[in-house]
Amino acid sequence: MVKEGYKEVRVGPKTKLIPEEWKVKKLKKVIKKRKGKRPNKLFDSKNGENSIPYLSVNYLRGNDFPEWCSKNDDNKVEVKENEILMIWDGSYSGNVFMGFNGALSSTMARLKCEDDINNQYLFYQLRNNFKIFQSTTIGTSVPHVAGKIFENLNIPTPPKREQKKIASILSSVDKSIEKTDKVIEETKEMKKGLMQELLTKGIGHSEFKEVRIGAKRIEIPKHWEISTVNELTSKVQYGISDKMYLEGQYPIFRMNNFYRGYMIDEPMKYIDLDDTEFEKYKVKKGDILFNRTNSVDLVGKNGIFTLEGDYVFASYLIRLRTNDKCDSYYLNYYLNSYNAGSILDSIATRGASQANINAKNLKSVDVPTPPIQEQKKIASILSSVDAKIQKEEEYKVKLEQLKKGLMQKLLTGEIRVNTEMEV
DNA sequence: GATTGGCACAGCTTGGGATA
DNA sequence: TATCCCAAGCTGTGCCAATC
């Protein structure tokens, strides 16, 4: 029994209910698709007004700075801010983006809308159907969006005024998400500056002395000391060198459990241990775990353990447990700071495409050391900034959930919008 | 025998380019 | 112009020789 005023239509592998007066159009009837092409020449930096960014997958995903190409490059396929682009090949195939000006890479496609469909409405429809494209990709080594399935996808199409209103509502949630993102980024920047200030100048000092930390000379408060990691720790220990499994007795921390200076329990692997071994490698609250082997960029990452429950750690991590001279949060913040980062970078031994920092070298790293009470104050200030970042990140997750729910309901007409109101 | 330290290697991702 | 194979680079993991 179909709900009154609604009809059943097939969208990808599923049947959906949409309002009777909505039309259904095949994607190929409402867009013109053009695959990207690698420009003839790419540049590392912008060359005045004559350059446009090269939109690689990594750049779109926010993992990389853009390369640039000339506006006059014959090979480029250009996309404008109000056009939709879709990752066509590779692991992220099916993902869509809007709001970029630039030249497309060969693994992407530009989607231009015909007049009777609102491009932002179509963007949200494609985003809502991302899983269809992802689950229908073809190709043996590299997945691709399946062209036929893409072209023949049915798009529920309300009157244009309603499309515009739906796009406007979803876009306003997107703007709130962007605003929250900006607050998070600004708070992270503020934390960087605060760390630099507090970890070298301390709180309320007027007299300073010059000291050597690594290759640099810096000023620290007159009564602070310089200690090595060895002098501030009671335990520096390698983890377990055994195979891990998807299921098992104890969760084991690996190099992908670091997040913003903390250990997180996602994703986990597991290991079975007898009681003696477990006690030996059990992570305690306040323990700092340090990534000793990886690429040059990732070696030296560290995080403090603050979770409840029983965890152990892998052989490519080193555990640091502070003694009574040192607050573990303070040491963790210091090891995550810019100054410590450059020291760790200088002591890392470079192998074939990998770098290592062994426990002996880690123990020799110098740490500016205030009295323990001041260490705790500094750590407390930085923790409060971390708490603000976490609060904003949680708010962002809520907004994303709200958007997901609205997309489901608005894009199928389950909730109708009032088109009499201004959009 | 236990611990440390380095790296080989598997698996994954990206982008270039050959081919249809 | 689209598809998809392949090489290169990167990341994560487990192994094993060296050292204690």
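Values in this document were obtained by computation on a predicted structure and should not be read as measured data.
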**Student:** Between A/F253 and A/Y311, what is the ring plane arrangement, given parallel below 30°, perpendicular above 60°, and tilted in between?
**Tutor:**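 The arrangement is parallel - the two ring planes meet at less than 30°.
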**Student:** Assign each of A/M108 and A/V236 to its nearest nucleotide of DNA chain B by heavy atoms, then name whichever residue's nucleotide is nearer the 5' end.
**Tutor:**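 Nearest-nucleotide comparison on DNA chain B picks A/V236.
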**Student:** Taking atom C1' of B/dT4 as reference, at what distance in whole Å does atom CD of A/Q237 sit?
**Tutor:**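 So the CD-C1' distance, A/Q237 to B/dT4, works out to 12 Å.
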**Student:** Is the phosphate of B/dA2 approached by A/K280 (side-chain N or O, under 4.0 Å from OP1 or OP2)?
**Tutor:**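 Checking B/dA2 against A/K280, no side-chain N or O comes under 4.0 Å of OP1 or OP2.
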**Student:** Could you state the CD1-C1' distance from A/I347 to B/dG6, rounded to the nearest angstrom?
**Tutor:**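 That distance rounds to 15 Å.
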**Student:** In whole angstroms, how far is the C1' atom of C/dG14 from the CG atom of A/N356?
**Tutor:**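 From A/N356 CG to C/dG14 C1': 14 Å.
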**Student:** What is the distance, to the nearest angstrom, from the NZ atom on A/K360 to the P atom on B/dT3?
**Tutor:**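 Atom-to-atom, A/K360 to B/dT3, this comes out as 19 Å.
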**Student:** Could you tell me which non-hydrogen atom of A/S342 sits nearest to which non-hydrogen atom of A/K216, and how far apart they are?
**Tutor:**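 Here A/S342 and A/K216 meet closest at OG-NZ, 3.9 Å.
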**Student:** Any chance the rings of A/Y250 and A/Y270 have centres within less than 6.0 Å?
**Tutor:**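 Between A/Y250 and A/Y270, the centre distance exceeds or equals 6.0 Å.
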**Student:** Check the distance between C/dG12's P and A/N257's CG and give it to me in whole angstrom.
**Tutor:**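 Interatomic distance, CG of A/N257 to P of C/dG12: 10 Å.
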**Student:** Please state how far atom CD1 in A/I240 lies from atom C1' in C/dC15, giving the value in whole angstrom units.
**Tutor:**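 Interatomic distance, CD1 of A/I240 to C1' of C/dC15: 16 Å.
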**Student:** What's the closest nucleotide to the A/K33 side chain, out of C/dT3, B/dC7, B/dT3?
**Tutor:**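 Among the listed nucleotides, the one closest to the side chain of A/K33 is C/dT3.
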**Student:** Between C/dG14, B/dC7, C/dA2, which one does the side chain of A/Y316 approach most closely?
**Tutor:**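 Ranking C/dG14, B/dC7, C/dA2 by closest atom to the A/Y316 side chain puts C/dG14 first.
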**Student:** Quick one: A/E277 CD to B/dA2 P, roughly how many Å, whole number?
**Tutor:**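 Taking CD of A/E277 and P of B/dA2, I get 9 Å after rounding.
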**Student:** To the nearest Å, give me how far apart CG (A/L317) and P (B/dT4) are.
**Tutor:**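 It is 14 Å, rounded to the nearest whole Å.
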**Student:** Report the relative orientation of the aromatic rings in A/F97 and A/F100; use parallel for angles under 30°, tilted for 30 to 60°, perpendicular for over 60°.
**Tutor:**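 If you compare the ring of A/F97 with that of A/F100, the planes turn out perpendicular.
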